[in-house]
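Notes for the one structure printed next.
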There are 2 protein chains.
Amino acid sequence: MPNILVVDDQEVVRYGTTLILQKSIDDAQVSEAGSFEDTLKILSTKKFDLVILDIDMPGGNNHQMLDVIRLRHPDIRILIFSSYDEQIFGWRYLEAGADGFLSKKTGIEEIKNAAKTLLRDEKYLSPTLKQTLLNNFTNKKTATNPIQRLSSRENNIMQLLIKGSSVAEIADKLSLQISTVSTYKKRIFEKLQVSNVIEMIEKVQLYS
Amino acid sequence: MPNILVVDDQEVVRYGTTLILQKSIDDAQVSEAGSFEDTLKILSTKKFDLVILDIDMPGGNNHQMLDVIRLRHPDIRILIFSSYDEQIFGWRYLEAGADGFLSKKTGIEEIKNAAKTLLRDEKYLSPTLKQTLLNNFTNKKTATNPIQRLSSRENNIMQLLIKGSSVAEIADKLSLQISTVSTYKKRIFEKLQVSNVIEMIEKVQLYS
DNA sequence: GTAATATGTAGTAGTTTTACTACAAGAATA
DNA sequence: TATTCTTGTAGTAAAACTACTACATATTAC
């Protein structure tokens, strides 16, 4: 009788996910939480086997949520369920301690699949992620996605740009010359093939 | 036997919505579409009473989708189901020909409610929207949200900024001086109390 | 029905950002 | 290993953007 917690701030999504799980996993006991506070509260009431965690929630500091849950409940399986692109963010979350990453654009079958896999205590990788991994082994360059092309400094600066920081602010924060940050920005734009921050953000997010 | 079409690019959301409708509306015949192309295709196969339309779909040019459906199927009821803030976008869509606007953050009850209302051939306004309307009648200034404070020109320019257009591009497109567009931009930022496009977009969207 | 405020528009001067160039150190590759 | 590509860093000139000011016409408020 697996205990599963579905965390999402949209009730429709919770509803749909819950039903999918109940229908496909025998005796599944599914609980729901609509906020991070609720999540922690519910997690402390009984032992859960799996949390399906929407990381797009407002006020949910993404990684931090993951960390907190991991810290308090080391044995729980965590499946990130996100509208961010799996190729871009998937393995970051896996590195950060998640046991699986599922894009919200995936179909119902894949959700079932992922949940079952995690309940069997295996890690879950979507077909796409598996493919990406493979590609990374074989022809490193070719099939990898543009965001992974960014160097860590570039990535760093991209994050700040996404927050809305100006070139000058970033230069200040990182103690670099404005021209340096500007160069990074240009390189980021080149690599992602965008021409302004908005396109950059769009490239990084999925508008599912 | 009402025919309902649920349009959303996320299968979970369609699944949840479909089940909610089937359980709460007698004999409801619910179909699903995951893209705008599919939507049009399915709409042409039989007569539908209600379309529940997710306007966050990629490739769905928001208003344009609404217009196209309205044009081809003048009698159909359209319920916009969006993760954009209803206070900000709700009445715009209503003006544009939608029969109801529902935020994705609303609960299941409200979805049932909205669908039933529209099937009775009434317009649907969420409680929040009703309240906003009331406020607009009574103390116009006070309770209204900042985006509604924008003049139509400002709003116009905001839309272009959201698309990622530069000040110069906008000036060109609208045959205005760059300085003029710049002034609009500054006024928009002031009214919304933001200091860059990213914050502006965040102000306008709900990160549901 | 006048005073106050909002809106559409623009100029000028000053800031910020970009484009282009450059170069050294590190990584990858042939 | 020599050669090419990548990354971290910056300068300079040009382009884009902002701040401040201005002003006429609407709109709103008292």
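Only a predicted model underlies this, so the values are computations on that prediction, with no experimental measurement involved. Quick note on labels: first sequence line is chain A, next is B, and so on, each numbered from 1.
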N/O to N/O distances under 3.5 Å, protein versus nucleotides 21-23 of chain D:
none

Query raised in the report: Do Arg14(A) and Asp54(A) pass the side-chain contact (heavy atoms from CB on, under 4.5 Å) test, and can you show the C-alpha distance, the side-chain angles, and the key distance before you say yes or no?
Result: CA-CA 10 Å; Arg14(A) 294 201 302 268; Asp54(A) 168 28; over 6 Å; no
Query raised in the report: What do the steps show when you test Lys116(A) against Ile25(A) for side-chain contact (heavy atoms from CB on, under 4.5 Å), and what is the final call?
Result: CA-CA 7 Å; Lys116(A) 283 181 180 171; Ile25(A) 297 171; 4.1 Å; yes
Report task. Ignoring backbone atoms, test whether Lys191(B) places a side-chain nitrogen or oxygen under 4.0 Å from the OP1 or OP2 oxygen of dT7(C). Result ->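 True: Lys191(B) side-chain N/O within range (under 4.0 Å) of dT7(C) OP1/OP2.
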Report task. Applying side-chain contact (heavy atoms from CB on, under 4.5 Å), run through Val6(B) and Leu21(B) and close with a yes or a no. Result -> CA-CA 10 Å; Val6(B) 174; Leu21(B) 294 172; 3.8 Å; yes
Would you mind reading off the distance between [X] atom [atom1] and [N] atom [atom2], rounded to a whole angstrom?
{"X": "Lys185(B)", "N": "dA19(D)", "atom1": "NZ", "atom2": "P", "answer": "10 Å"}
{"X": "Gln177(A)", "N": "dA10(D)", "atom1": "CD", "atom2": "C1'", "answer": "7 Å"}
{"X": "Arg153(A)", "N": "dG26(C)", "atom1": "CZ", "atom2": "C1'", "answer": "16 Å"}

Query raised in the report: Over its full length, what angle do the end axes of the helix from dG1(C)-dC30(D) to dA30(C)-dT1(D) make, each axis taken from five pairs and the result rounded to 10 degrees?
Result: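 Inter-axis angle at the ends, rounded: 50°.
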Residues that [X] engages under side chain to side chain contact (heavy atoms under 4.5 Å, CB included), provided they are two or more places apart:
{"X": "Lys41(B)", "answer": "Asp38(B)"}
{"X": "Glu109(B)", "answer": "Lys112(B)"}
{"X": "Glu154(A)", "answer": "Leu150(A), Ser151(A), Tyr184(A), Arg187(A), Ile188(A), Lys191(A)"}

Query raised in the report: Quick one: do Lys104(B) and Asp9(A) make a salt bridge, cutoff under 4.0 Å?
Result: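 So Lys104(B) does not pair with Asp9(A) through a salt bridge.
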Query - Presence of salt bridge, Asp121(A) and Arg77(A), under 4.0 angstrom - result: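 A salt bridge is present here (some side-chain N lies under 4.0 Å from a carboxylate O).
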Query raised in the report: Between Tyr184(A) and Ser179(A), which is nearer to the 5' end of DNA chain D once each is assigned its nearest nucleotide?
Result: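 So the residue in question is Tyr184(A).
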Query raised in the report: Of the residues in residues 164-176 of chain B, which ones touch DNA chain D at a heavy-atom distance under 4.0 Å?
Result: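 Per residue number, the list reads Ser166(B), Val167(B), Ala168(B).
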